[in-house]
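Structure first, then comments.
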Amino acid sequence: MIKNVLFDYVNTLAYISPTREEILQKFIKENSQKEVKISDITTAFKEVDELTPYSSVQINTEAKKQDFYDSYNKKLFDKSVANAMANDNV
C-alpha cells in the first residue's frame, strides 16, 4: 500500500507569477539602479544553487535558516550583477 507520495509542484505542475527571476530582477533594479537580464539571473540561480546546497538536517534552527538565506541571497544578488557585467548586460 502506498502511504506517501512526493512530487515537485512548482515549475512542474504549476508556475508562479511573477517568477523568482522576475522578483530578483525588480529588486536589483530598485536597490542598485542596475538593469539585469533574466538570463543572467537564471544563470546566477544555477551557480549559487550548486555552490550553496540546503540541508534540512544541518539547518535546523531559525537562526541557522536566517544565516543560510542571508548568505544565499547576497551571493545571488552579487552573482546576478556580476554575470550581467561580464556579459555587458548592465
**Request:** Any chance you could lay out the side-chain contact (heavy atoms from CB on, under 4.5 Å) test for E22 and T19, step after step, and finish with the verdict?
**Result:** CA-CA 5 Å; E22 291 167 335; T19 66; 3.2 Å; yes
**Prompt:** Mind checking what makes side chain to side chain contact (heavy atoms under 4.5 Å, CB included) contact with Q25, not counting sequence neighbours?
**Reply:** E35, I38, I41
**Message:** If you count heavy atoms of other groups shown closer than 6.0 angstrom to CZ of F45, is the number above 12?
**Reply:** yes
**Message:** For residues Y69 and I23: do they belong to one hydrophobic cluster (side chain heavy atoms under 4.5 Å, members Ile, Leu, Val, Met, Phe, Trp, Tyr)?
**Reply:** no
**Message:** If I take atom NZ from residue K37 and atom CG from residue N83, how far apart are they, to the nearest 0.5 angstrom?
**Reply:** 13.0 Å
**Request:** Using the six-membered ring wherever Trp is involved, compare the ring planes of F68 and Y72 and label them parallel, tilted or perpendicular (cut-offs 30° and 60°).
**Result:** parallel
**Prompt:** Of the non-hydrogen atoms in D40 and S80, which two are nearest, and what is the gap between them?
**Reply:** CB-O, 4.1 Å
**Message:** Tell me whether Q58 at atom CD has more than 12 heavy atoms from other residues, nucleotides or ligands lying less than 6.0 Å away.
**Reply:** no
**Message:** To the closest 0.5 Å, what do you measure between OG1 (T42) and CZ (R20)?
**Reply:** 8.0 Å
**Request:** Would you check if T52 and K75 make a side-chain contact, meaning some heavy-atom pair closer than 4.5 Å?
**Result:** yes
**Prompt:** Is it true that a side-chain atom of N31 and a backbone atom of F27 form a donor plus acceptor pair closer than 3.5 Å?
**Reply:** yes
**Prompt:** Under 4.5 Å between side-chain heavy atoms, hopping through other hydrophobics if needed: is there a path connecting M85 to V36?
**Reply:** yes
**Request:** Considering only NZ, NE, NH1 and NH2 on the basic side and carboxylate oxygens on the acidic side, decide whether D49 and K79 come within less than 4.0 Å.
**Result:** no
**Asked** Looking only at heavy atoms, what is the nearest atom pair of V81 and K34, with distance?
**Response** CG1-CD, 3.7 Å
**Request:** Could you state whether L76 and Y54 fall into the same hydrophobic cluster, counting links through intermediate Ile, Leu, Val, Met, Phe, Trp or Tyr residues with side-chain heavy atoms under 4.5 angstrom apart?
**Result:** yes
**Carboxylate-amine/guanidinium proximity below 4.0 Å for K74 and D70** = no
**Request:** Can you sort out the partners of P53 under side chain to side chain contact (heavy atoms under 4.5 Å, CB included), two or more places apart, ordered by chain and number?
**Result:** none
**Request:** State whether the side chain of E50 and the backbone N or O of E47 hold a donor-acceptor pair below 3.5 Å, judged by distance alone.
**Result:** no
